Amino acid sequence: ELRDDKQAQLLSDGTFINPLKNDIMEIKPKIKELKDKKAIYVQTIGKYSDTAGSAWEKVCGYAAKNRLFGFGTELIGISYDDPTITEPEKCRYEACITVSKDVKPDGEIGVKQINGGKYAIFTVKGPYEMLSPAYQYIFGKWMQEKNIELRDVPCYEVYLNDPKKTKPENLKTEISVPVR
């Protein structure tokens, strides 16, 4: 099934091709019951590609200074707005780091619970620019075809490796979609 090359292309075996690099992406999600997670976060508002980096610098700096990184720490991004609907300069993003101990809010650093429950988890391999076509696929095709209902909590991304130490084509991101 070929479409214009800005869009990801779905192959008959249930994978899809990244238009940027011809990477193939797994689109058969794993369905998992996740526990609630406690996290510190920094929220930014603006075009995701412009603002996410500064949120990560602030929250990672805080976590490092306060020795909050530990075994099992997860780096989670929550994008609240669809930039194809919301003006990009109004898009809200939270860079979150899971913590095991109690932390108090501190200036720009907030504390929140990321809701557990049932999630469909899609693994995206490749540069972060792949996330947009992945979301287009998940919401434009997968949900309709599988007749999926969302729960009323945000999707989130778990970044499985460090973009400073990993080539863009080897980055791995899990998109966690809250399903009923």
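The residues of the chain are indexed from 1 along the displayed sequence. Small disclaimer: the values here were computed from a predicted structure and weren't measured.
- The backbone N or O of R92 lies less than 3.5 Å from a partner atom in the side chain of D81, making a donor-acceptor pair.
- Rounded to the nearest 0.5 Å, atoms OH (Y80) and OH (Y93) are 11.0 Å apart.
- The distance from atom NZ of K38 to atom NZ of K101, rounded to the nearest 0.5 Å, is 10.5 Å.
- Under 4.0 Å is where a charged nitrogen must lie from a carboxylate oxygen, and between E74 and K37 at least one such pair does.
- Residues T44 and S54 have side chains in contact (heavy-atom distance under 4.5 Å, counting atoms from C-beta outward).
- In this structure, V103 and V111 approach most closely via the heavy-atom pair O-CG2, 3.3 Å.
- Salt bridge annotation for E108-K58: present, with a cationic side-chain nitrogen under 4.0 angstrom from a carboxylate oxygen.
- Transitive grouping of hydrophobic side chains (ILVMFWY, heavy atoms separated by less than 4.5 Å) brings M143 and V124 into a common cluster.
- Here the side chain of T166 pairs no donor or acceptor atom with the backbone of P163 at under 3.5 angstrom.
- Side-chain atoms of I97 and F69, non-hydrogen and from C-beta on, do get closer than 4.5 Å to each other.
- At least one side-chain heavy atom of L68 sits under 4.5 Å from a side-chain heavy atom of Y62.
- Taken together through direct or relayed side-chain contacts under 4.5 Å among Ile, Leu, Val, Met, Phe, Trp and Tyr, I109 and I114 form parts of separate hydrophobic clusters.
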Could you go through the side chain to side chain contact (heavy atoms under 4.5 Å, CB included) check for E174 and L160 one step at a time?
CA-CA 7 Å; E174 287 177 349; L160 301 178; 3.8 Å; yes
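- Using a cutoff of 4.0 Å between basic side-chain nitrogens and carboxylate oxygens, K112 and E94 are scored as salt-bridged.
- In the hydrophobic clustering of ILVMFWY residues, with side-chain heavy atoms under 4.5 Å counting as a link, V177 and I76 come out apart.
- Residues V153 and F139 do not share a hydrophobic cluster, defined by chaining ILVMFWY side chains whose heavy atoms lie under 4.5 Å apart.
- Atoms CD1 and OG, on I78 and S176 in that order, are 10.0 Å from each other to the nearest 0.5 Å.
- In this view, Y159 and W56, Y128 satisfy the ring pair (Phe, Tyr, Trp, His ring centres under 6.0 Å) rule, not counting sequence neighbours.
- In this structure, the side chains of S79 and C155 stay at 4.5 Å or more apart for every pair of heavy atoms.
- Between the side chain of N161 and the backbone N or O of K172 there is at least one donor-acceptor pair closer than 3.5 Å.
- Summarising the geometry, atom OG1 belonging to T173 is positioned 11.0 Å from atom CG belonging to L75; distances are rounded to the nearest 0.5 Å.
- Residues V179 and Y119 are members of separate hydrophobic clusters, defined by side-chain heavy-atom contacts under 4.5 angstrom among Ile, Leu, Val, Met, Phe, Trp and Tyr.
- Considering only heavy atoms from C-beta on, K118 comes within 4.5 Å of I31 through its side chain.
- Atom NZ of K32 and atom CD1 of I121 lie 4.5 Å apart (nearest 0.5 Å).
- Counting heavy atoms from C-beta outward, L131 and E157 have side chains that approach closer than 4.5 Å.
- In this structure, the separation between OH on Y48 and OG on S132 is 10.5 Å, given to the nearest 0.5 Å.
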